[in-house]
Amino acid sequence: MKTLRHLAHAVGSTGSGAPAYRVELDAAQHHLLADEPVTAGGGDVGPTPLGLLASSLAACTAMTLRMYAAHKGWELANITVEVSYDIDESEQASIRRTITVPPSFSDDQRDRLADIATRTPVTLAIGTPITTTVETGPATT
């Protein structure tokens, strides 16, 4: 028998008494709301399911790269991860991820972070092609 490691668990609930498309989410001790925009018939009180997916990828990438930089002893004053989930005219999904790091990072450091980003847990779980770009942000004072 294989050992199963529990990594995440969430429960979503909705019903006819709830506003259209609103879903109450519980993930461990955290309570979240998901919804659709008003233009799609929802109340726009929370991110859409795809917004939650993009948020998960952005959070996982930022956390993983912060841990990696700390492990390497790199000063990471700020890191920003922007994620866009897109569908083209043939309904093919793709994800664009842009990672912005301090200007003090060398080309080798940026290349290494881009490589690490391809192996974050959420990246591997998604299954949709992800294009990752690492760029330099403005200098901080």
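Hydrogens, waters and symmetry mates play no part in the numbers below; they use all other heavy atoms, side chains included.
- With rounding to the nearest 0.5 angstrom, the CG atom of L65 is 11.5 Å from the OG1 atom of T80.
- The only option from V83, V122, T118, I95 that meets the side-chain contact (heavy atoms from CB on, under 4.5 Å) definition with I130 turns out to be I95.
- The side-chain heavy atoms of T123 and C60, taken from C-beta on, include no pair separated by under 4.5 Å.
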Check the pair V11, E24 against side-chain contact (heavy atoms from CB on, under 4.5 Å), reporting the backbone distance first and the verdict last.
CA-CA 8 Å; V11 176; E24 304 275 335; over 6 Å; no
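- Every ring pair (Phe, Tyr, Trp, His ring centres under 6.0 Å) that Y68 has, sequence neighbours left out, goes to W74.
- Here the NE2 atom belonging to H9 is positioned 9.0 Å from the CG atom belonging to D26, to the nearest 0.5 angstrom.
- One distance of note links CD1 of I99 with CD of E82; it measures 11.5 Å at 0.5 Å rounding.
- Residue E135 places its CD atom among more than 12 non-hydrogen atoms of other residues, nucleotides or ligands, all under 6.0 Å distant.
- Side-chain contact between L25 and L33 is absent, with no heavy atoms from C-beta onward closer than 4.5 Å.
- For the pair Y21 and G42, the tightest heavy-atom approach, listed with the atom from each and the gap, is CD1-N, 3.8 Å.
- Closest approach of P37 and T48 over heavy atoms only: CD-CG2, 3.8 Å.
- Taken together through direct or relayed side-chain contacts under 4.5 Å among Ile, Leu, Val, Met, Phe, Trp and Tyr, V134 and I116 form part of one hydrophobic cluster.
- Side chains of L76 and P102 form a contact here, defined as non-hydrogen atoms less than 4.5 Å apart.
- Considering every non-hydrogen atom in both P49 and D35, the closest pair reads CD-O, 4.3 Å.
- In terms of hydrophobic clustering, with Ile, Leu, Val, Met, Phe, Trp and Tyr side chains grouped at heavy-atom distances under 4.5 Å, L57 and L32 are assigned to different clusters.
- Between the CD1 atom of I79 and the OG1 atom of T100 there is a distance of 8.5 Å, given to the nearest 0.5 Å.
- For R97 and S84, the side-chain atoms include no donor-acceptor pair closer than 3.5 Å.
- Between T39 atom OG1 and D44 atom CG the span is 8.0 Å, to the nearest 0.5 Å.
- Residue P138 comes nearest to P103 through the heavy atom pair O-CD, 3.7 Å, listed as atom of the first residue, atom of the second, then distance.
- By the criterion of side-chain heavy atoms lying less than 4.5 angstrom apart, applied directly or through intervening Ile, Leu, Val, Met, Phe, Trp or Tyr residues, I126 is grouped together with I87 in one hydrophobic cluster.
- Counting heavy-atom neighbours within 6.0 Å of F105 CZ, excluding the residue itself, gives a total above 12.
- The structure places CD of Q109 at 10.0 Å from NZ of K72, a figure rounded to the nearest 0.5 Å.
- Other residues, nucleotides and ligands contribute more than 12 heavy atoms inside 6.0 Å of the NE2 atom of H31.
- T64 and P121 make their closest contact through OG1-CD, 4.1 Å (heavy atoms, listed as atom of the first residue, atom of the second, distance).
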